[in-house]
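A short worksheet on the structure shown next.
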Amino acid sequence: MLAGGSGPRVTSSLAGRVARPRLPAGEVRVGGFGGPEGLARWLREQRVDALIDATHPFADTITRHAARAAADAHVPLLVVRRPGWVAGPGDDWRPAASLDAAARLLPSLGGRVLLTTGRTGLAAFAGLTGPWFLIRTVDPPDPPLPPRHRLLLARGPFTLDGERELLREHRVDVLVTKDSGGDATAAKLTAARLAGLPVVLVRRPEPPAGVPLVTGEDEALEWLRERFG
């Protein structure tokens, strides 16, 4: 929304963890900064006027680094987080504070698991020898993995019909996912509700204290207009 025309210079930074990312408009840089100190140095070198953290709701490390870097470089910071999912009638959601907590819930919920928590952090489930896992990620996940699993590489958005068929085909009886929000992957939650399946939902980490947070692009643009006109 900001890139192009006579507006501000916009640089989007991607972590580089996805092999074929969907690139946004404008300038794009890929890769890390070297911790909060490196990011603060880059902000000063590039004479950045504002930093917007619009990373994934579970990208906690870069969010914490951004808060430290913005404070060190005296650059205003805004966090943009799409709203989390909200349970509706018929949903059977089991909240978990972490991936480890989610893994502890599984033995009592089912033996065939659809696991859609991303490619990192799956070591939390590696010690579970009983359940069978269908692990769906965009790119191959980091080991270790559960001993009984099948890997499915796929990128959303996913349809409701497709998700319902996936649950039936693999006889899934419990879904594990993160509360990432958004529409691209929400169909699995509806499919689980229609199938009467429990959902272990990993709660997102809290944003840094004292940093303003909005839930959409319009609010982010308004924040910029208030500061820069």
Side-chain angles (χ1 to χ4, degrees), residues 17-22 55-61 81-206 215:
R17 294 193 173 189
V18 176
R20 295 182 298 277
R22 295 170 178 168
T55 53
H56 190 279
F58 284 83
D60 188 45
T61 298
R81 289 288 182 273
R82 57 183 178 243
W85 289 313
V86 178
D91 283 319
D92 180 9
W93 291 5
R94 316 295 180 92
S98 65
L99 291 175
D100 289 330
R104 289 193 293 269
L105 288 175
L106 282 181
S108 64
L109 294 178
R112 296 183 67 83
V113 183
L114 173 58
L115 184 59
T116 65
T117 56
R119 60 182 290 267
T120 61
L122 299 186
F125 304 92
L128 298 179
T129 59
W132 176 89
F133 290 83
L134 178 62
I135 301 173
R136 185 169 68 188
T137 62
V138 175
D139 291 318
D142 298 333
L145 303 177
R148 302 178 62 229
H149 75 269
R150 176 176 175 181
L151 182 60
L152 175 62
L153 300 182
R155 184 199 298 265
F158 302 103
T159 67
L160 177 57
D161 288 344
E163 297 292 69
R164 297 186 72 183
E165 177 58 31
L166 186 72
L167 297 180
R168 285 193 294 265
E169 177 186 353
H170 296 283
R171 295 180 287 116
V172 170
D173 48 27
V174 58
L175 166 66
V176 181
T177 192
K178 291 178 175 178
D179 183 15
S180 55
D183 297 329
T185 61
K188 62 192 172 190
L189 299 172
T190 304
R193 180 177 69 242
L194 293 175
L197 304 184
V199 176
V200 178
L201 193 67
V202 181
R203 292 193 294 262
R204 55 179 62 179
E206 293 293 326
T215 59

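Only this structure's heavy atoms are used, side chains among them; waters, hydrogens and symmetry mates stay out.
When all heavy atoms of W85 and G182 are compared, the closest pair comes out as NE1-O, 2.9 Å. The heavy-atom pair separating A102 from V176 by the smallest distance is CB-CG1, 4.2 Å. Between L145 and H149, the closest heavy-atom pair is CD1-NE2, 3.7 Å. Between P198 and L109, the shortest heavy-atom contact is CG-O, 4.3 Å. Residues L99 and G121 approach most closely at CD1-O, 3.4 Å, considering heavy atoms.
The side-chain contact (heavy atoms from CB on, under 4.5 Å) test applied to A103 returns F125, L128, not counting sequence neighbours. With sequence neighbours excluded, the residues satisfying side chain to side chain donor-acceptor pair (under 3.5 Å) with T215 are E219. Listed by chain and residue number, T55, H56, I62 satisfy the side-chain contact (heavy atoms from CB on, under 4.5 Å) test with A59 (two or more places apart in sequence, or in another chain). Under the rule for a salt bridge (charged side-chain N to carboxylate O under 4.0 Å, His left out), the partners of R81 that lie at least two apart in sequence or sit in another chain are D53. In terms of the salt bridge (charged side-chain N to carboxylate O under 4.0 Å, His left out) criterion, R104 has no residue partners (sequence neighbours excluded). The side-chain contact (heavy atoms from CB on, under 4.5 Å) search around P147 returns T129, not counting sequence neighbours. Shown here are the salt bridge (charged side-chain N to carboxylate O under 4.0 Å, His left out) partners of R82, two or more places apart in sequence or in another chain: there are none.
You'll find the side chain of W132 stays beyond 4.5 Å of the side chain of P146, heavy atoms only. By the 4.5 Å heavy-atom criterion applied to side chains, L197 and V174 are not counted as neighbours. Between L166 and V172 the shortest side-chain heavy-atom distance does not fall below 4.5 Å. For the pair T116 and F158, the minimum side-chain heavy-atom distance is 4.5 Å or more. Taking 4.5 Å as the limit, some side-chain heavy atom of L175 sits within range of a side-chain heavy atom of L189. Within the 4.5 Å cutoff, no side-chain heavy atoms of F58 are placed close to those of T120.
Of the listed residues (D139, T137, I135), just one forms a side chain to side chain contact (heavy atoms under 4.5 Å, CB included) with L153, and that residue is T137.
Among residue pairs with one or both ends in residues 113-136, those qualifying as salt bridge (Lys or Arg N to Asp or Glu O under 4.0 Å) are R119-D142, R136-E163; sequence neighbours excluded. Residue pairs meeting the salt bridge (Lys or Arg N to Asp or Glu O under 4.0 Å) criterion with at least one partner in residues 189-206, sequence neighbours excluded, are D91-R193. For the salt bridge (Lys or Arg N to Asp or Glu O under 4.0 Å) condition, no pair includes a residue of residues 175-188, sequence neighbours left out. Note on residues 93-102: pairs passing side-chain hydrogen bond (donor to acceptor under 3.5 Å, both in side chains), not counting sequence neighbours, are D92-R94.
The environment of R168 atom CZ is dense: over 12 non-hydrogen atoms of other residues, nucleotides or ligands sit within 6.0 angstrom.
With values rounded to the nearest 0.5 angstrom, L106 atom CG is found 8.0 Å from L115 atom CG.
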